[in-house]
Structures are given as structure tokens and as C-alpha cells.
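Take a look at the structure below.
None of the values given here were measured: they were computed from a predicted structure. Atoms within a ligand are numbered from 1 in the order they appear, just like the ligands themselves.
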Amino acid sequence: MSTTAPTTTAASQHLDILDEIDELRRIRKAVILAHYYQEPDIQDLADHIGDSLQLARAARDTDAEVILFCGVHFMAETAKILNPGRIVIVPDMKAGCSLADAAPAARVAAWKAAHPGAALVSYINCSAGVKAVSDIICTSSNAVRVIESIPRDQQILFCPDKNLGRYLMQQTGRDMELWPGACIVHETFSEQKLIQLKVRHPAAKVICHPECEPQLLQHADHIGSTSSLLRYATTTPDADTFIVGTEPGILHQMQKAAPHRTFLPLPGMDETCACNECPHMRRNTLEKIRDALRDLAPRIEMPEPLRLAALQPMDRMMALG
Ligand code: 13P
Ligand code: SF4
């Protein structure tokens, strides 16, 4: 996140580009969706901000002609799966996700074929190809409910996040086979740095996303999706200071909703880098948003048979409420 004040010229260019985006959004009849991990400027211009489940619902329900998805590729692809009649564009086609990259569809399909009768539950952070071979999708907001919807006598394969998978095994008491994927951002948090922050701020509550490793989660007072962390940190009467174990983009909404509270982002192992920021999410910029609305590109497209196959496990998740 940028901390330096813009110069007068930079500030006026910034206002110009915001005006251009507003004008193009109107002309294109577009809706702008932004994940909580986007830069504050992008969150502030979005029509809807949310976690992956909230944004999937917003994408499904919109009647805008164009959906501009400011997040990462799998999120925009999910929007297209749910709302094929709309043009779905992204600021940067290269904004991927280490979890989605860790699970090539052909290998996941082979894994499933080697376990006849098992249910394949896939975290939404995966490609359309993986969704298409899955039985049901989950997000970090509804994963416990999704796992509990699988009959107790059926084996479960969980893909692609082993950390979320382990956490769900603890929460549900279900045994699951886990795909060995992980998030490069949540894996970078160090237990040592967390303990140092706790010593310096003994009254602080620790809040973590379930993509964190177990040695981090064992210190957490609250574990949940980005929307759940936001809700807890801004409403709990139990503390005014929070050590935040997820991508620090979320701090923008926390500070807006509870300006008198203190939110301390957990640094990565190497404090000299910004490796607690998702490099994929941060590829999106105001300039790329303007250009995407102007050019209606880069555009998410997929073959209809793939979309229909990926839609089925998405619909099963959505039907759980
Ligand atoms: P949420 O489901 O909380 O939006 O998480 C998405 C994500 O990519 C976390 O790294
Ligand atoms: Fe993927 Fe991790 Fe970035 Fe989320 S934070 S989009 S899981 S790489």
C-alpha cells in the first residue's frame, strides 16, 4: 500500500482517472466488483466489495451489461460461470492465484478417478477445469457447512488448500484426503513475528484466515473468511487491538468501519519485503481498470460445456444458502 502523499500533479491525474472510470462505467453499464485484498483506491470506487462468496453472489445477481472483476482470475471466471450472459472483464489477465496454479485440472481429475465413490470438494480458489470435475465447491465462509453436507460414510477429497483442509478436519471431525496446495501469502506469516507482536500488545486479539498454517492458527482467537474477520474485528466488545493474519488489503475496511481501533498486519518472515501482500491481487491498478472498461478487454471466455460442468458444483454450494 502506498503511504507517501501524492504530489499536486499526481493528485490531479488521480482525480482525472477516477472521473474517466466513472464515465466509462456509466457508458458501459458496468458493475465493478472488488475483493477486500485490492488497493484502497480500488475498494473505494467499487460498486460491491466483499469476500469470494459475497462477490460470487453479486456477480450472479447483477443485471449490469458488463462485470469488471477486480480480484484474481478464478474469481472472474466464477462470475462468468454464474452469469454467462454478461461480458466479464478483468484489469489484468495475469492476476492468478498460487492455490489455483497448484491444482492442474487433469491431475485433479486423475486423483478423483483413483478414488471411486469419494466426494471431491474444491475450494473456490481453483480453475473452471477443476470446478468441472468437482462434486461441490466451497469458500472460506461456507466450508464447514459444505463439508457437513457430505454423507458421513462417504470419503472426502479436498482440493487445493491443505491448510484450509486441515482446519476443516478439526472443525468437522471428518477425515479427508488433502491436495498439497497452499497460498503463497498466508504461508509467509511467521509464528515468531506473531509471538513478538503478542508480547508487545498483550490485550490484542489474533485473527487469522484459515489459509494460514496450523502453527499460526493455534494462536488465533478468531478464524474466518475475510468478511468474518472484518465483522469480528469491528464489532467484538472484547478488544480494541487486533493482530491480523491475512492479506493487509482488508485493513482498509477495518479502519473505515472502526477508526478508533488498532489493526496490526502480520508481517511476512522477511520484513524487508511486502510478501504479506498478494502479488496477484496487487497487479490491478486504476489505469488497468480504465483501460479494461474502455476496451472491454481482457475478457473472460470459456467453452459452454466447461461452463455448464463447472456450474453444477457451484449451484450445489449456492443451494446450501
Ligand atoms: P475469502 O473467501 O475470504 O474471500 O478468501 C479468498 C482468498 O483468496 C483468500 O486468500
Ligand atoms: Fe490466491 Fe493467496 Fe492471493 Fe488469495 S491471497 S488470491 S489464495 S495467492
Arg290/Asp16 salt bridge by N-O under 4.0 Å criterion: no
Enumerated ligand 1 atoms positioned under 4.0 Å from heavy atoms of Thr226: 1 (P), 3 (O), 4 (O)
contact_flag Tyr37 ligand 1 heavy-atom lt 4.0 Å: yes
Heavy-atom gap His186 to ligand 1 smaller than 4.0 Å: yes
Donor-acceptor pair, side chain of Asp295 and main chain of Ala297, under 3.5 angstrom: no
Ligand 2 contact by Glu211, heavy-atom criterion under 4.0 angstrom: yes
Distance filter under 4.0 Å to Ser225 heavy atoms, resulting ligand 1 atoms: 3 (O)
Donor-acceptor pair, side chain of Lys131 and main chain of Cys126, under 3.5 angstrom: yes
Close N or O approach (Ser52, ligand 1; < 3.5 Å): yes
Check: Ala58 main-chain N/O paired with Thr62 side-chain donor or acceptor under 3.5 Å: no
His209, any N or O under 3.5 Å of ligand 1 N or O: yes
Environment of atom 1 (Fe) of ligand 2 in terms of protein N/O/S atoms, cut-off under 2.8 Å: Cys97 SG
Sidechain N-carboxylate O distance under 4.0 Å for Asp63, Arg86: no
Atom indices of ligand 1, in the order listed, that fall short of 4.0 Å to a heavy atom of His35: 1 (P), 4 (O), 6 (C)
Proximal ligand 1 atoms for Asp51, defined as those under 4.0 Å from one of its heavy atoms: 1 (P), 3 (O), 4 (O)
Under 3.5 Å: N/O of Glu211 near N/O of ligand 1: yes
Per-atom contacts of ligand 1 with Asn125, taking only distances under 4.0 Å to non-hydrogen atoms: 7 (C), 8 (O)
Glu77 side chain to Ala128 backbone, donor-acceptor under 3.5 Å: yes
Glu247 near ligand 1 by a heavy-atom separation under 4.0 Å: no
Give the table of side-chain donor-acceptor pairs shorter than 3.5 Å for residues 163-176, with sequence neighbours excluded, one pair per line with atom names and distance.
{"unit_1": "Asn163", "atom_1": "OD1", "unit_2": "Arg166", "atom_2": "NH1", "d": "3.1"}
{"unit_1": "Asn163", "atom_1": "ND2", "unit_2": "Glu211", "atom_2": "O", "d": "3.2"}
{"unit_1": "Thr172", "atom_1": "OG1", "unit_2": "Leu168", "atom_2": "O", "d": "2.7"}
{"unit_1": "Thr172", "atom_1": "OG1", "unit_2": "Arg174", "atom_2": "N", "d": "3.2"}
{"unit_1": "Arg174", "atom_1": "NH1", "unit_2": "Ile150", "atom_2": "O", "d": "2.9"}
{"unit_1": "Arg174", "atom_1": "NH2", "unit_2": "Pro151", "atom_2": "O", "d": "2.9"}
{"unit_1": "Arg174", "atom_1": "NH2", "unit_2": "Gln154", "atom_2": "O", "d": "3.1"}

Pair Glu148 + Arg145: basic N to acidic O under 4.0 Å: no
Ionic contact status for Arg282 with Glu39, cut-off 4.0 Å: yes
Any donor-acceptor pair under 3.5 Å from Arg316 side chain to Ile137 backbone: no
Arg307 (side chain) donor-acceptor with Met302 (main chain) under 3.5 angstrom: no
N-O pairing of Asp291 and Lys288 below 4.0 Å: no
